[in-house]
Structures are given as C-alpha cells and as structure tokens.
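First the structure, in the form of structure tokens, and then the observations on it.
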Amino acid sequence: MTTTVSVTTATSTIYRPSTGEAYDAVPVTSLGELDEVFARARAGFEAWKKVSGTEKAKLLFKLADRLEELVEEFARIEARNTGKAIRETRAEAIRMPGTVRYWAGWADKLLGTSIPVGPDFHTYTVREPYGVVAGIVPWNVPYAFATRRVAPVIAMGNVVVLKPAEETPLTALKLAEVCREVGIPDGVVQVVTGAGDVGAAMVSHPQTDLVLFTGFHETGKIIARAAADNLTPTIQELGGKSPNIVFEDADIEEALDAAMVSVFSSTGQMCFAGSRLLVQESIHDDFVARLADRVKALKVGDPEEEDTKVGPHVTARQRDKTLQMIQAGIDEGAVVAAQSELPGGELAGGFFAPPTIFTNVTPDMTIVQEEIFGPVMSVFKFKDEAEALQIANDTKFGLAAGVWTSDLSRAHRMAQGIHAGRIWVNTYRVINDMVPGGGYGQSGYGAEGGTETLNALTRSKSVQIALNPGLIPGQPRI
Ligand code: ADP
C-alpha cells in the first residue's frame with residue numbers, strides 16, 4: 001500500500017516586470033524552518049570563530065573570482081527579476097567581485113588597541129564579531145545588497161541569515177549557492193525567503209545578535225520597535241528625498257547628465273535618487289527645457305534589450321504608487337514639464353509608469369516630502385546659497401545630496417550646511433565600499449562603509465590585567 005502525503009508549501013511567485021507574467025516560484029521559508037536556519041547559523045558561528053582571518057579572506061577571494069566568472073549570469077537573472085535595464089544590472093554585477101575583495105582584505109586586519117592606563121596594568125581591547133546577523137534587504141538592488149550583506153558581515157567573523165525581498169530573491173539565492181560552491185562552511189551564509197512576516201520573525205528571533213535593515217523608513221521603525229524587546233541592536237539604511245543642487249557656475253553638460261541618472265536610473269527605485277532638483281534661477285528655464293527634451297526622448301522598454309534606458313517598476317504595487325504620486329503632484333498644482341512615452345505591444349501588461357519632471361513645486365507638496373521610489377523629479381528654482389540650503393534641508397530625510405558648482409568655497413559651504421550623510425560635489429551617486437555614509441533624520445542610523453563598517457559589525461571588548469595582582473590602591477576594602 002502506498003501512502004500519499006500531501007504537503008502544502010507556500011511559494012512566492014516571481015514576475016517578469018516588463019510583461020507582468022509569472023515565470024517562476026520560490027518556496028517560502030516556514031517559521032519552523034527558520035528555527036533550523038538559526039540553529040545552523042549558531043553552530044556555523046562557533047566554527048567560523050575558529051577560522052583565521054587569513055583563511056576567511058582566502059575563501060572570500062575565491063568567491064570574488066567565481067562571481068567574476070558569473071557576471072553575465074547574475075546580470076541577466078537580475079534584469080529579468082527586477083525589470084532593471086540590463087546595462088545597469090551588468091554594471092552592478094561587474095562591481096560586486098571588487099566589493100567582495102575589498103572586505104576580504106579587512107578579514108585579517110581587525111586590530112585592537114593597547115591603552116596606557118598606567119604602570120600597574122596591561123590593558124588592551126579586541127574587536128569581536130556580534131555572532132548571528134540578520135540581514136533584511138529590499139527589492140531595488142537585490143544582488144548588490146545581498147553581496148554587501150554577506151561579504152563584510154562574514155569577513156568580520158559573523159555569520160549571516162539573509163532575507164531578500166519576496167519579489168526578488170533569485171540573485172541572493174544564487175549567491176548563497178556560489179558561497180557553498182567555493183567552500184564557505186555550512187551555516188555561515190544562509191538565505192531565507194518570504195515576506196515581512198519572515199523578516200519580523202528574524203528580527204525577534206532569540207538567536208539574532210544584530211539586525212541590518214535596508215528599506216522603507218516606516219518598516220525600519222517597526223523593526224526598531226520589535227528589536228527593542230530583546231535589546232537587539234539594529235542598523236538602519238532607510239530612504240531619502242535627496243536634493244541635487246545646480247548653481248549657475250556649474251559644468252552644465254555634466255550636471256544635466258547626472259540629473260538624468262540621479263532619478264531615472266533603476267527607474268527611480270533608489271534610496272539615493274536625486275528626486276529634488278534645485279536649479280539656480282538664471283539657468284533654470286534653459287536647464288529644465290533641456291531636461292524635458294531628454295525625458296521625452298528616453299527609451300522606456302524591455303530591460304533585457306541593450307538600448308533600453310528605463311525599465312518597468314519591480315512590482316505592480318510600486319508602479320501604482322508612482323502613478324498615485326504623479327496624480328497627487330497634478331492635484332496639488334505642480335506642472336508636468338515632461339513625461340516619457342511608455343511601450344505598448346507585448347509590454348502593455350508590464351509595470352511601467354512614465355518618467356516625469358514636475359516644475360512649479362512648493363515645499364509642502366506630497367511629491368516633495370514623500371519618498372516616491374519611482375522616476376519622478378521635482379524641480380525647484382532658487383536665488384542664492386541660503387535659499388538652496390533652506391529648500392535642501394526642508395524634508396524629514398537626510399541621506400545624500402549633490403552640489404554642482406565651480407566655486408570651491410561654495411562647495412565646502414554647501415557640504416557643511418546640508419543635513420545628509422553623503423555629499424557629492426560635481427558628481428552624483430558614487431558609492432565606494434571604502435567610503436562611509438549613513439542617514440540623518442528618517443534616513444536611518446548606524447553608518448557603514450570603510451572603517452565605519454569594522455566598528456558597526458564588531459564590538460569592542462577590553463581586558464585589564466593587573467601587573468601587581470589585587471585591587472587598586474585607594475579602593476575601599478569591604
Ligand atoms: P516595501 O514596503 O517597499 O516593500 P520594505 O521596507 O517594507 O519595502 O521591505 C524591505 C524588506 O523588509 C523586505 O525584505 C521585506 O520583506 C522586509 N519587511 C517588511 N516588513 C517587515 C517587518 N515588519 N519586519 C521585518 N522585515 C520586514
């Protein structure tokens with residue numbers, strides 16, 4: 001006699017954003033499985049502790065070499081799953097081996113200090129990993145986020161349980177497979193799948209020692225509150241409403257290029273999007289007219305075609321949010337200066353919304369205050385530095401800012417005055433692993449990048465050794 005056991009396994013459907021069709025499904029990690037994952041992580045951490053920094057680096061360098069061989073595969077998986085233009089996903093995939101190598105380089109360079117407290121003591125500090133790190137990442141740059149959650153975390157001696165967004169798990173799952181293939185031991189890198197409930201269970205899990213969250217600022221608040229129950233520390237990389245400020249003395253051609261990239265690449269689905277463009281009044285009308293021409297000519301289309309500049313949104317939900325925001329802009333009195341054409345035919349069911357430039361915006365408008373995470377730019381006109389700063393700092397966020405000027409002193413004055421964790425002068429959205437930056441205001445807390453990461457992902461332990469054993473002179477005996 002045969003017995004049939006019917007098992008219902010929940011799955012996440014994977015859509016192709018350019019057509020709206022479902023093309024894959026990924027099993028969702030159940031809460032029972034999550035306990036097993038964390039048990040493996042704890043055991044993995046105990047073993048990883050015993051691996052020298054040099055050995056850890058060796059494994060990470062091996063991972064980087066393999067990722068280099070797989071650039072095109074990662075780029076294609078990502079473009080299909082996220083709908084981002086292949087030119088962008090390829091550029092990201094090309095950068096990832098370098099990211100892994102940068103962090104590999106730190107694995108055997110985590111130094112402590114020796115502290116001269118006086119002749120009676122030998123006092124030193126060591127940096128120790130937290131242990132099991134829960135990494136929760138969003139759907140906009142899934143491969144880069146996964147790599148940036150795996151490489152530094154394990155280089156510092158932690159292990160990671162990573163959860164990509166339910167809509168875009170494919171490159172993170174592939175990365176975990178490559179980690180196994182190159183010999184990174186069991187339990188050191190694990191990827192779980194599912195939606196916010198799985199993320200919430202990770203945050204509250206008693207085995208979680210540190211939570212790294214990247215995503216929407218309101219979700220960040222929920223996570224911070226949940227983590228507080230176990231006093232689990234969190235690092236939050238949240239959204240932004242970044243100003244990109246162009247003065248009349250700027251290199252206008254470069255500023256135009258950057259303004260386009262700052263808000264239309266990744267279909268605007270970037271925390272660093274330069275979604276508020278501030279242009280000095282003497283050049284404003286001409287600058288906007290040239291931007292408008294470029295927006296009208298943008299090729300919005302199939303992300304897997306090489307000449308596509310802007311793809312669809314990752315999800316229908318995100319596309320709807322962008323459309324609602326565009327409507328809110330119109331309803332509140334902003335003027336649509338330009339919109340791109342959307343593709344039809346077999347892409348008619350894709351998650352597209354038109355790249356849009358708004359002028360005549362005022363500081364209180366929804367499109368100016370709320371993060372859209374779509375290809376929508378609001379353009380302000382300003383008179384002088386003081387007004388530019390006033391507009392730039394007039395949101396609850398503080399993630400990044402761009403300043404375009406050929407006046408060195410002005411660049412420094414603006415950098416000093418802007419309330420944000422990253423300032424770019426005469427460039428935009430340059431992200432290097434070695435450069436720190438964190439959010440101000442509702443853009444988050446806990447800077448990462450370069451040596452900030454060493455401190456963020458490890459903690460300091462001090463050891464005081466008395467050279468003459470006993471309590472210190474003057475300490476009252478009991
Ligand atoms: P969005 O709302 O735009 O999808 P989120 O910031 O909510 O962006 O999602 C980013 C990541 O956070 C995703 O991996 C998502 O599954 C996860 N997430 C959502 N809600 C929670 C939560 N309450 N606790 C932990 N993770 C969550």
Side-chain angles (χ1 to χ4, degrees), residues 10-15 17 26-31 34 37-38 81-84 133-146 148-150 160-173 175-176 190-205 207-208 210-230 232-241 266-273 275 312-325 351 353 370-374 376 397 399 439 442-445:
T11 56
S12 286
T13 306
I14 309 298
Y15 292 93
V26 167
V28 168
T29 307
S30 70
L31 297 186
L34 204 62
V37 166
F38 275 93
N81 191 181
T82 62
K84 279 167 39 157
V133 175
I136 300 173
V137 299
W139 38 260
N140 57 331
V141 201
Y143 177 38
F145 278 133
R148 294 209 160 98
R149 284 297 166 242
V150 166
V160 63
V161 177
L162 173 73
K163 192 191 86 60
E166 53 274 33
E167 301 90 347
T168 55
L170 301 185
T171 41
L173 288 166
L175 179 65
Q190 296 182 86
V191 172
V192 298
T193 49
D197 56 334
V198 178
M202 292 165 69
V203 171
S204 301
H205 202 283
Q207 291 294 341
T208 297
L210 172 68
V211 175
L212 307 180
F213 174 68
T214 314
F216 184 49
H217 66 287
E218 293 298 343
T219 310
K221 292 180 198 174
I222 294 170
I223 287 177
R225 285 187 206 110
D229 276 344
N230 289 334
T232 307
T234 70
I235 295 177
Q236 306 257 355
E237 280 186 14
L238 309 175
K241 197 73 199 174
S266 286
T267 317
Q269 303 166 115
M270 293 168 285
C271 48
F272 291 123
S275 50
H313 288 64
V314 175
T315 59
R317 178 168 62 103
Q318 197 56 35
R319 183 262 327 268
D320 293 345
K321 183 175 172 198
T322 295
L323 291 174
Q324 280 159 17
M325 285 287 188
F351 308 147
E370 295 303 326
E371 186 176 42
I372 299 175
F373 234 61
V376 181
F397 297 106
L399 195 64
Q442 302 217 358
S443 293
Y445 50 77

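Remember, it's 1-based here, ligands and their atoms both numbered in the order they're listed. Quick note: numbers below take in every heavy atom, side chains included, and nothing from hydrogens, waters or symmetry partners.
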### Message
Regarding E370 and K321, does a basic nitrogen lie under 4.0 Å from an acidic carboxylate oxygen?
### Response
no
### Query
Looking only at atom types and distance, does a side-chain atom of S266 sit under 3.5 Å from a main-chain N or O of Q269, one as donor and one as acceptor?
no
### Message
Please list the nearest protein heavy atom to atom 13 (C) of ligand 1 with its residue and the distance rounded to 0.1 Å.
### Response
V137 O, 3.5 Å
### Task
Using a strict cut-off of 4.0 Å, indicate which atoms of ligand 1 neighbour a heavy atom of I222.
23 (N)
#### Entry: Where ligand 1 meets I223 - atom numbers and elements under 4.0 angstrom, heavy-atom basis
24 (N), 25 (C), 26 (N)
### Task
Answer with side chain, backbone, both or neither: which part of A195 has a heavy atom less than 4.0 angstrom from an atom of ligand 1?
backbone
### Query
K163 heavy atoms, cut-off 4.0 Å: which ligand 1 atoms fall inside?
13 (C), 14 (O), 15 (C), 16 (O)
### Task
Determine the minimum heavy-atom distance between L399 and G240, stating which atoms define it.
CB-CA, 4.1 Å
### Task
Please identify which atoms of ligand 1 are closer than 4.0 Å to at least one heavy atom of G199.
24 (N), 25 (C), 26 (N)
### Task
Quick one: look at M202 and ligand 1, take heavy-atom pairs under 4.0 Å, and tell me if it's side chain, backbone, both or neither.
neither
### Query
Counting only non-hydrogen atoms of the protein, does one fall under 4.0 Å from atom 18 (N) of ligand 1?
yes
### Query
Of the protein's non-hydrogen atoms, which lies at the shortest distance from atom 6 (O) of ligand 1, and what is that distance?
F216 N, 2.8 Å
### Query
Minimum heavy-atom separation for T315 to Q318, with atom names?
OG1-N, 3.0 Å
### Query
Going from CD on Q236 to OG on S443, what distance comes out if it is rounded to the nearest 0.5 angstrom?
11.5 Å
### Query
Quick one: does R317 get within less than 4.0 Å of ligand 1, heavy atoms only?
yes
### Query
Taking the inter-plane angle between the rings of H205 and F38 on a 0 to 90° scale, is it parallel (under 30°), tilted (30 to 60°) or perpendicular (over 60°)?
parallel
### Message
If the cut-off is 4.0 Å to any non-hydrogen atom of I136, which atoms of ligand 1 fall inside it?
### Response
11 (C), 12 (O), 14 (O), 17 (C), 25 (C), 26 (N)
### Partner of K163 under side-chain contact (heavy atoms from CB on, under 4.5 Å), chosen from T29, V191, V192
V192
### Task
Determine whether any heavy atom of W139 lies closer than 4.0 Å to an atom of ligand 1.
yes
### Task
May I ask you to decide if P27's main-chain N or O and T193's side chain share a donor-acceptor pair within less than 3.5 Å?
yes
### Query
Is it true that a side-chain atom of N140 and a backbone atom of T82 form a donor plus acceptor pair closer than 3.5 Å?
no
### Query
Hey, which atoms in ligand 1 end up nearer than 4.0 Å to a heavy atom of G215?
6 (O)
